Amino acid sequence: MGTGDLVSVHPTELKFQFELKKQSSCSLQLTNKTDKYVAFKVKTTNPKKYCVRPNAGIVLPQSTCNVTVTMQAPKELPPDLQCKDKFLLQSVVAADGATTKDITPDMFSKEDGKAVKEFKLRVIYIPANPPSPVPEGSEEGSPPRASVLENGHQNMSLFDSVSRSLEDPKEKSSEAWSMISKLTEEKTLALQQNQKLHQELDLMKKQMSKSGAGGFSLLIAMLVGLLGILVGYLLN
């Protein structure tokens, strides 16, 4: 916060959002910390470019006054956004009860030995649309299709891996079907052999019944042996 002895000024710089063909405004706050009426006047080195409201007035004792400065829409971009325009705030003690109507140009004249206080303010331009930073890893002039091609290769490799994963189940399923078919054939063959054994046992029963009790014990031994062979075959 700057001070001109009679009034303090905030901010101490006039900062404008700079954008071509668009006007911008900023505000100043003048604070009178004395017990006297203070008259002020705002001057600029480029009056056609700026509009100051109010450009002159009275700040009451222990009071604050706001001043709005509007910059006309710029038509061209200055080098490096540097501005040489300056503002000058003049302040002087006024008569008690003075109003804006009582202000005259002579009040700020130093020729009569008046204690005119002055405070200078400079103008700063702030870019309204700062350039976006270049993403890391990218260079100007590099073909944008490079990333597309890389993504294409990645997609192709992904497609190949998915295709292989789809083919694997087919191979496994074909193996399973062949195994089931083999087991079915073995089961059918076992049933056929079982039927054949039953037929042979029936035939042996008939023959043994004719030969008597000794043949019956021999029949039981043969039956047990055949059943053991059949059960072992089925378990294998």
Side-chain angles (χ1 to χ4, degrees), residues 1-136 138-141:
M1 179 180 293
T3 178
D5 292 341
L6 296 177
V7 294
S8 59
V9 185
H10 180 76
T12 58
E13 299 171 330
L14 292 170
K15 297 181 179 181
F16 295 95
Q17 290 281 346
F18 189 91
E19 188 173 355
L20 291 176
K21 299 180 181 179
K22 186 176 181 180
Q23 70 178 18
S24 177
S25 299
C26 65
S27 298
L28 289 175
Q29 190 178 67
L30 310 181
T31 302
N32 179 5
K33 295 184 178 181
T34 71
D35 295 327
K36 302 176 181 178
Y37 282 69
V38 176
F40 73 89
K41 186 175 183 179
V42 181
K43 295 181 179 181
T44 177
T45 56
N46 196 344
K48 293 182 179 181
K49 185 177 178 180
Y50 302 94
C51 177
V52 183
R53 291 290 182 270
N55 64 341
I58 298 291
V59 186
L60 302 179
Q62 303 296 328
S63 299
T64 300
C65 175
N66 290 323
V67 176
T68 301
V69 182
T70 301
M71 181 180 69
Q72 303 302 319
K75 297 180 180 180
E76 59 184 6
L77 188 67
D80 299 327
L81 282 182
Q82 297 297 319
C83 181
K84 297 181 179 180
D85 300 333
K86 290 181 174 59
F87 281 77
L88 179 66
L89 172 69
Q90 293 180 310
S91 58
V92 66
V93 176
D96 290 346
T99 63
T100 304
K101 296 180 181 179
D102 300 323
I103 297 176
T104 62
D106 294 339
M107 294 177 64
F108 302 96
S109 174
K110 298 180 181 180
E111 295 180 356
D112 299 336
K114 295 186 180 69
V116 179
K117 305 298 182 180
E118 296 182 340
F119 184 78
K120 296 179 180 179
L121 301 95
R122 65 172 183 160
V123 176
I124 296 178
Y125 290 154
I126 301 175
N129 298 314
S132 58
V134 179
E136 295 183 1
S138 64
E139 298 179 358
E140 296 182 359

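Bear in mind the structure is a predicted one, so any value in this text is a computation, not a measurement. Position 1 is the first residue of the sequence; numbering continues from there.
- Annotation: side chain of Asn66 is not in contact with side chain of Ser27 (no heavy-atom distance under 4.5 Å).
- Side-chain contact between Val7 and Leu89: present, with at least one pair of heavy atoms (C-beta onward) separated by less than 4.5 Å.
- Lys114 NZ: more than 12 foreign heavy atoms inside a 6.0 Å radius.
- Note: Met71 CE to Thr44 OG1 = 11.5 Å, rounded to the nearest 0.5 Å.
- Between Phe16 and Tyr50, the angle of the ring planes lies from 30° to 60°, which puts this pair in the tilted group.
- The side chain to side chain donor-acceptor pair (under 3.5 Å) test applied to Ser25 returns Thr70, not counting sequence neighbours.
- Formation of a donor-acceptor pair under 3.5 Å by the Ser24 side chain with backbone atoms of Gln17 is found in this model.
- Considering OG1 of Thr100 and CZ of Phe40, their distance stands at 7.5 Å, rounded to 0.5 Å.
- Atom CG in Leu14 sits 9.5 Å away from atom SG in Cys83 (nearest 0.5 Å).
- Between atom CG of residue Leu77 and atom CG of residue Leu20 there is a gap of 5.5 Å, rounded to the nearest 0.5 Å.
- Listed by first then second residue, pairs satisfying salt bridge (charged side-chain N to carboxylate O under 4.0 Å, His left out) with a partner in residues 34-48 number zero, not counting sequence neighbours.
- A pairwise comparison of heavy atoms in Val67 and Pro54 identifies CG1-O, 3.6 Å as the closest pair.
- Among residues at least two apart or in separate chains, salt bridge (charged side-chain N to carboxylate O under 4.0 Å, His left out) pairs with a member in residues 72-88 are Lys49-Asp85.
- Side-chain contact between Leu60 and Tyr37: present, with at least one pair of heavy atoms (C-beta onward) separated by less than 4.5 Å.
- Side-chain contact check for Ser91 versus Lys117: some heavy-atom pair is nearer than 4.5 Å.
- Here the side chains of Leu30 and Val9 are in contact, with some heavy-atom distance below 4.5 Å.
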Under the side chain to side chain contact (heavy atoms under 4.5 Å, CB included) rule, what do Leu28 and Leu121 come out as? Steps first, then yes or no, please.
CA-CA 10 Å; Leu28 289 175; Leu121 301 95; 3.6 Å; yes

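- Side-chain atoms of Ser109 never come within 3.5 Å of backbone atoms of Met107 as a donor-acceptor pair (strictly under, hydrogens ignored).
- Between the side chain of Gln62 and the backbone N or O of Thr34, at least one donor-acceptor pair lies under 3.5 Å.
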